[in-house]
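Since the structure comes first, as structure tokens, the remarks are kept for the end.
Quick note: numbers below take in every heavy atom, side chains included, and nothing from hydrogens, waters or symmetry partners.
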Amino acid sequence: MNARDKLVGAAIMKRLRLARGWSLADTARAIIDTAARLGQPFDVSIASVQRTVARWETSTKPILPSERYQLLLAHLYAGDTEGRPSLGTGSDFAELLDALRHLGESEQRLSELHTLLVRTTTDAGAGLLALLGPPTQQLLSAALADPSRIDEELLVALREAVSNVNGQVGSIPFVRLHLMLAPIVESCRRLTTGALPPAHVADLQWIAAQAFMLAGRFAFETRDDEASRALYLAATDAAGRVGAPWHRAVVRLSHALVTLYSAPGLDAAKALVDAAVRDARAGESVTVRARAHALQAEIAARAGQKKHAETALALAWYDMDSDRDGDPATGSFSPALLRGFEGVTKLYVGDVSEAHDYFARSTESLVAPRERVQRAIVATDQAIARIRLDDPRSGTDLLHGCIDAASETGGRVVMIRLRGARHDLRQWRREDFVADLDDHLIELFGV
């Protein structure tokens, strides 16, 4: 971080303060009051805090606020001047993160601050509109009244809002994420039925498809299968209007996964996967094609079709190892996730010890907060493999972490996998380690 960047950060810090009409002493008092409200009272004087604030804003050698001050500033600027939560683009909170970035804070730390404040905001009952800055809320209101007023600025903000919610998977329970996303889902419904500017139709339809798809997944996770199906149908329709087949393939793959766990048998999920493979093969994303072939392998393995499963898996690895420069969806699938699918395939139609090793490698790579739910699913499969390899105690040790993850996120698939693992443990039901597992399940889920 060079000196010029730090001066920019200092200027932003000063601008934030002055925009609220605060003196240095006022800011110090606000920080001390925030600390007290959060149960972290300062044992320092206003004058001392005031001198610290001045050092963040100086035009000579500005300093980066300490982590404690960053937390207090984040809470202080997470609301507008009238106290309403506001975290989106153009908000004081977004400006604060930009200032800290210029002053030298890492992206990881800034992401942690953002996640923490989103959690705090939703705990307090605020929804997704808190993630939209005041300018975006005004743009959205105008566009809902007259869809012909949609512009690129609004599309960017809507895309960012959906991405923000998606990025909180694993950090915030699904039931709360579902509520957060609801205003954008309804806005997309209304906007896509209006007279849209031709230049923005495809972009808005894809944003709507992603919002509907994400809401469909959240509805599934919160056990509202009827709403989930309706949302996925809306997402498929919107994605089909974009004009690029890989978009619809993405929606169908997500729909297939929830169908696999919410509909009896494999036929409904298989039909969706086969349709997704056709779309993916006609599309321009090799990454999406790899994901489609991977899920096709899992469906075949669950059906006991070993040769078909191995062929689909080989195609998935071929796609994943291909040149993906310029791929429009490189972030939608990864080798770590593919190893998880490979493990599931081996678990059903191959060597269980190999399956365990694939699961282990996959969990080691799934470390991002966004991957927490998937990591718990793979770890549960790894535990099942250990149980089937006659190592139930070690498998049960893994399951305790999976129970905690399922409790904190509300993940439905993890719970389904946990029930399967507990069923595999039935011959050891009198052992102390199984009793401890049952106690853990009862403590957190009452079952």
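Contact between Ala385 and Val352 at its shortest, heavy atoms only, is O-CG1, 3.6 Å. Of all non-hydrogen atoms in Gly194 and Pro147, the two that sit nearest each other are CA-CG, 3.9 Å. When all heavy atoms are compared, the tightest approach of Val162 to Ala211 is CG2-CB, 4.1 Å. Here the closest heavy-atom approach between residue Arg422 and residue Asp438 is recorded as NE-OD1, 2.7 Å. Nearest heavy-atom pair, Arg291 versus Ser332, reported as atom, atom and distance to 0.1 Å: CD-O, 4.0 Å. A pairwise comparison of heavy atoms in Pro392 and Trp428 identifies CG-CE2, 3.5 Å as the closest pair.
Interatomic distance, NE2 of His308 versus OG1 of Thr345, reported as 11.0 Å (0.5 Å rounding). Of the inter-residue distances, the one linking Leu266 atom CG with Ile299 atom CD1 reads 5.5 Å to the nearest 0.5 angstrom. In this structure, Ile184 CD1 and Leu140 CG are separated by 6.0 Å, a value rounded to the nearest 0.5 Å. The line from CG of Leu389 to CD1 of Ile384 is 12.0 Å long, rounded to the nearest 0.5 Å. The CD atom of Gln382 lies 9.5 Å from the OG1 atom of Thr380; values are rounded to the nearest 0.5 Å. Taken from CG in Leu97 to CG in Asp92, the straight-line distance is 11.0 Å, to the nearest 0.5 Å.
Using modelled atom types, one side-chain atom of Ser362 and one backbone atom of Ala336 make a donor-acceptor pair closer than 3.5 Å. Side-chain atoms of Asp327 come within 3.5 Å of backbone N or O of Val286 as a donor-acceptor pair. Using modelled atom types, one side-chain atom of Thr311 and one backbone atom of Lys307 make a donor-acceptor pair closer than 3.5 Å. A donor-acceptor pair under 3.5 Å is absent between the side-chain atoms of Ser285 and the main chain of Pro328, judged by distance alone.
The aromatic rings of Trp206 and Trp246 lie perpendicular to each other, with more than 60° between the two planes, well past the 30° mark. Using cut-offs of 30° and 60° for the angle between ring planes, the His255 and Tyr232 rings count as parallel. Using the six-membered ring where Trp is involved, Phe333 and Phe341 have ring planes that are tilted, between 30° and 60° apart.
Val156 places a side-chain heavy atom less than 4.5 Å from the side chain of Arg159. The side-chain heavy atoms of Leu103 and Asp5, taken from C-beta on, include no pair separated by under 4.5 Å. Side-chain contact between Leu139 and Arg149 is absent, with no heavy-atom pair separated by less than 4.5 Å. The side-chain heavy atoms of Val434 and Arg426, taken from C-beta on, include no pair separated by under 4.5 Å. With contacts defined as side-chain heavy-atom distances shorter than 4.5 Å, the pair Val414/Ile403 does not qualify. When side chains are defined from C-beta on, Leu96 does not count as touching Gln70, because their heavy atoms never get closer than 4.5 Å. Using a 4.5 Å cut-off on side-chain heavy atoms (C-beta onward), Asp357 and Glu354 make no contact. In this structure the side chain of Phe220 never reaches within 4.5 angstrom of the side chain of Thr259, judged on heavy atoms.
You'll find the ring centres of Trp56 and Tyr69 inside the 6.0 Å limit.
The salt bridge (Lys or Arg N to Asp or Glu O under 4.0 Å) test applied to Glu107 returns Arg101, not counting sequence neighbours.
Asp351 and Ser353 are linked by a side-chain donor-acceptor pair at a separation below 3.5 angstrom, with hydrogens and angles left out of the test. Of the N and O atoms on the side chains of His440 and Asp404, at least one donor lies less than 3.5 Å from an acceptor on the other residue. Residues His200 and Asp151 bring no donor and acceptor atom of their side chains to less than 3.5 Å of each other. The closest side-chain donor-acceptor pair between Arg281 and His293 falls under 3.5 angstrom. A donor-acceptor pair shorter than 3.5 Å cannot be found between the side chains of Thr363 and Arg375. Thr330 and Arg324 share no donor-acceptor pair across their side chains, judged by distance under 3.5 Å alone. There is a side-chain donor-acceptor pair under 3.5 Å between Ser365 and Arg339.
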Evaluate side-chain contact (heavy atoms from CB on, under 4.5 Å) for Leu64 paired with Glu105, printing each intermediate quantity in order.
CA-CA 7 Å; Leu64 174 70; Glu105 189 50 83; 3.7 Å; yes
Would His114 and Phe93 satisfy side-chain contact (heavy atoms from CB on, under 4.5 Å), going step by step from the backbone distance to the final call?
CA-CA 9 Å; His114 183 269; Phe93 178 73; 3.8 Å; yes
Between Val413 and Val373, does a side-chain contact (heavy atoms from CB on, under 4.5 Å) hold up when you go through it step by step?
CA-CA 9 Å; Val413 176; Val373 175; over 6 Å; no
Apply salt bridge (Lys or Arg N to Asp or Glu O under 4.0 Å) to the pair Asp237 and Arg241, showing each step before the final yes or no.
CA-CA 7 Å; Asp237 179 67; Arg241 297 175 185 273; 3.1 Å; yes
Trace of the side-chain contact (heavy atoms from CB on, under 4.5 Å) decision for Val169 with Phe218:
CA-CA 10 Å; Val169 171; Phe218 295 162; 3.9 Å; yes
Evaluate the salt bridge (Lys or Arg N to Asp or Glu O under 4.0 Å) criterion for residues Asp274 and Arg278: first the C-alpha distance (whole Å), next the side-chain angles of each, then the deciding distance (0.1 Å), finally the verdict.
CA-CA 6 Å; Asp274 290 345; Arg278 289 192 294 271; 5.5 Å; no
Please report the C-alpha distance between Arg412 and Glu221 in whole Å, then the side-chain angles of each, then the deciding distance to 0.1 Å, and finally whether the salt bridge (Lys or Arg N to Asp or Glu O under 4.0 Å) criterion is met.
CA-CA 5 Å; Arg412 183 178 177 185; Glu221 297 284 5; over 6 Å; no
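The pair Glu342-Lys346 fails the salt-bridge criterion, with no side-chain N (NZ, NE, NH1 or NH2) lying under 4.0 Å from an Asp/Glu carboxylate O. The existence of a salt bridge linking Asp279 and Arg248 is confirmed by a sub-4.0 Å separation between a basic side-chain nitrogen and an acidic carboxylate oxygen.
Enclosure of atom CG in Asp439 by more than 12 non-hydrogen atoms of other residues, nucleotides or ligands within 6.0 angstrom is indicated.
In this structure, Arg223 fails the cation-pi test against Phe174, since its NZ or CZ atom is not both closer than 6.0 Å to the six-membered ring centre and inside 45 degrees of the ring normal.
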